[in-house]
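Below: one structure, written as structure tokens.
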Amino acid sequence: MGERGINNLSEVNEFILIGFRVGPDLQILLFFIFLLTYSMVLLGNIGMIVLILTASQLNTPMYFFLGNLSFIDLSYSSAVAPKAIANFLSESKTISFAGCVAQLFFFALFIVTEGFLLAAMVYDRFIAICSPLLYSARMSRRLCIQLVAGCYFCGCISSILQVSITFTMSFCASHVIEHFYCDTPPIQKISCSNVFINKVMSYSISVIIILPTIIVIMVSYVYILSTILKIHSSEGQVKAFSTCGSHLMVVSLLYGTVSFMYLTPASNPELVKVASLCYTIVTPMLNPLIYSLRNKDVKEAMKSVSWGKKSFL
């Protein structure tokens with residue numbers, strides 16, 4: 001078995017992404033749903049990035065983080081969606097071995113980076129609400145860049161480890177991945193190696209990544225909430241909470257859908273795919289809407305940019 005595994009590992013040059021097990025008519029319907037949703041991801045996140053870069057009133061640490069959030073949402077959705085959309089119209093539904101490695105690497109890189117970035121964003125809100133007089137001094141441009149760079153560094157290290165663990169396994173059985181993109185759990189299922197150690201290492205990496213970010217987010221919000229409750233006027237409380245309400249919704253969306261996916265029984269792969277769909281495409285589509293519809297500064301910036309274009313014309 002060991003020799004066979006080694007031989008077959010060297011012969012692997014592509015996988016089959018089985019996607020959603022539905023009829024041809026539903027495949028076409030899913031194609032248009034994915035295409036529409038991904039188009040909204042592109043439009044919303046690129047629009048948010050351009051707005052933050054062009055509107056001078058959004059030149060603050062909060063929107064510096066938000067611009068990076070939009071870039072990350074755009075990136076990890078783009079690592080998954082185009083191939084999934086193409087496979088709805090393809091009979092073979094194949095992805096090359098190198099393509100599968102690249103897809104998992106970039107998806108893991110950006111999804112982990114987003115987790116750390118959300119923790120950095122809540123730290124920004126913690127300083128703004130709990131220490132407003134020291135905000136400008138503490139949240140300097142240099143610190144913001146360092147925090148974002150640290151997020152990307154942690155994402156990169158995690159991604160390298162995850163890809164290394166996943167693709168050092170032998171594949172000597174089916175090359176059919178029961179998913180619409182390359183992810184570690186479905187790849188482990190088609191391996192003929194003993195995946196126990198791989199699973200332990202994967203879960204350990206996940207815990208090391210997720211636990212600190214959740215702790216930072218939860219502790220920060222405890223302090224934020226206690227500070228808000230000490231504000232005497234209800235108007236001041238609403239204003240203070242509105243500055244972190246959008247972030248709280250984004251955190252709930254990401255961690256809620258990811259938790260649902262990992263808590264979904266492995267015996268129901270279709271439900272796992274639906275849960276994956278939520279945080280790979282739906283969440284990146286909703287995040288710009290949450291920040292644009294709930295944020296007064298973003299609305300005013302959009303109006304000023306639109307008014308500037310009309311004046312120019």
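Remark: side-chain polar atoms of Y221 are paired, donor with acceptor, to backbone N or O of C244 under 3.5 angstrom. For the pair S220 (side chain) and V216 (backbone), a donor-acceptor distance under 3.5 Å is present. Formation of a donor-acceptor pair under 3.5 Å by the T213 side chain with backbone atoms of I210 is found in this model. N59 contributes no side-chain N or O that, together with a main-chain N or O of A55, makes up a donor-acceptor pair within less than 3.5 Å. The backbone N or O of C130 lies less than 3.5 Å from no partner atom in the side chain of T227, so there is not a single donor-acceptor pair. Here the side chain of Y76 pairs a donor or acceptor atom with the backbone of Y279 at under 3.5 angstrom. Put simply, the side chain of T184 never gets that close to the backbone of T166: no donor and acceptor are under 3.5 Å apart. Formation of a donor-acceptor pair under 3.5 Å by the S140 side chain with backbone atoms of L143 is found in this model. The backbone N or O of F196 lies less than 3.5 Å from a partner atom in the side chain of N194, making a donor-acceptor pair. The backbone N or O of I16 lies less than 3.5 Å from no partner atom in the side chain of H175, so there is not a single donor-acceptor pair.
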Applying side chain to side chain contact (heavy atoms under 4.5 Å, CB included) to L248 and R125, what does each step give before you reach the verdict? CA-CA 11 Å; L248 188 58; R125 293 299 84 204; over 6 Å; no
Taking it one step at a time, do F88 and F32 satisfy ring pair (Phe, Tyr, Trp, His ring centres under 6.0 Å)? CA-CA 9 Å; F88 283 121; F32 284 109; over 10 Å; no
Are I187 and M169 close enough, and set up right, to give a side chain to side chain contact (heavy atoms under 4.5 Å, CB included), and what steps lead you there? CA-CA 9 Å; I187 293 175; M169 298 184 297; 4.0 Å; yes
Give the intermediate values and the outcome of side chain to side chain contact (heavy atoms under 4.5 Å, CB included) for residues I111 and L254. CA-CA 9 Å; I111 198 74; L254 179 66; 3.9 Å; yes
Is there a side chain to side chain contact (heavy atoms under 4.5 Å, CB included) between T37 and L277? Walk through the geometry before answering. CA-CA 11 Å; T37 307; L277 174 64; over 6 Å; no
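Each of I18 and L104 belongs to its own hydrophobic cluster when Ile, Leu, Val, Met, Phe, Trp and Tyr are linked at side-chain heavy-atom distances under 4.5 angstrom. No path of Ile, Leu, Val, Met, Phe, Trp and Tyr side chains, each step under 4.5 Å between heavy atoms, connects Y223 with L225, placing them in separate hydrophobic clusters. Under the 4.5 Å side-chain heavy-atom criterion for ILVMFWY residues, no single connected hydrophobic cluster contains both V222 and V122. Both L89 and L35 are assigned to one and the same hydrophobic cluster, defined by single-linkage of ILVMFWY side chains at heavy-atom distances under 4.5 Å. Hydrophobic clustering (side-chain heavy atoms under 4.5 Å, transitive across Ile, Leu, Val, Met, Phe, Trp, Tyr) keeps Y38 apart from L43.
Across all their heavy atoms, V176 and I190 have their closest contact at O-CG2, 3.2 Å. Contact detail for I127 and Y135: the closest heavy-atom pair is CG2-CD1, 3.7 Å. What you find for P82 and S77 is that their closest heavy atoms are CD-O, 4.0 Å. The heavy-atom pair separating M48 from P288 by the smallest distance is CE-O, 3.6 Å. Residues F105 and V163 share a closest heavy-atom pair of CA-CG2, 3.6 Å. The shortest non-hydrogen separation linking G67 to I49 is O-CG1, 3.8 Å.
Within the 4.5 Å cutoff, side-chain heavy atoms of Y291 are placed close to those of L69. At a threshold of 4.5 Å between non-hydrogen side-chain atoms, the residues D124 and F64 do not count as touching. For the pair E178 and R21, the minimum side-chain heavy-atom distance is below 4.5 Å. In this structure, L66 and Y63 have side chains that are in contact, with non-hydrogen atoms separated by less than 4.5 Å. Side-chain atoms of L17 and K83, non-hydrogen and from C-beta on, do get closer than 4.5 Å to each other. Between M249 and L253 the shortest side-chain heavy-atom distance does not fall below 4.5 Å. Side-chain atoms of F71 and N45, non-hydrogen and from C-beta on, never get closer than 4.5 Å to each other. Contact of the R141 side chain with the Q146 side chain is not registered, since no non-hydrogen atoms from C-beta on lie closer than 4.5 Å.
Between F106 and F110, the angle of the ring planes stays under 30°, which puts this pair in the parallel group of the 30/60° scheme.
Between the side chains of S202 and Q162, at least one donor N or O lies within less than 3.5 Å of an accepting N or O.
Remark: I281 CD1 to F180 CZ distance equals 5.5 Å, nearest 0.5 Å. The line from CG of D73 to CE of M285 is 11.5 Å long, rounded to the nearest 0.5 Å. Between atom OG of residue S204 and atom CD1 of residue I197 there is a gap of 11.5 Å, rounded to the nearest 0.5 Å. Residue K273 holds its NZ atom at 14.5 Å from SG of C278, rounded to the nearest 0.5 Å. To the nearest 0.5 angstrom, M201 atom CE is 8.0 Å from T168 atom OG1. Remark: L30 CG to N87 CG distance equals 12.5 Å, nearest 0.5 Å.
Residue pairs that meet the salt bridge (Lys or Arg N to Asp or Glu O under 4.0 Å) test with at least one member in residues 38-55, sequence neighbours left out, do not exist here. Legend: side-chain hydrogen bond (donor to acceptor under 3.5 Å, both in side chains) pairs involving residues 91-113, not counting sequence neighbours, sorted by first then second residue: S90-S92. Residue pairs satisfying the disulfide bond (SG atoms under 2.5 Å apart) criterion with at least one member in residues 25-115, sequence neighbours excluded, are listed as follows: C100-C182.
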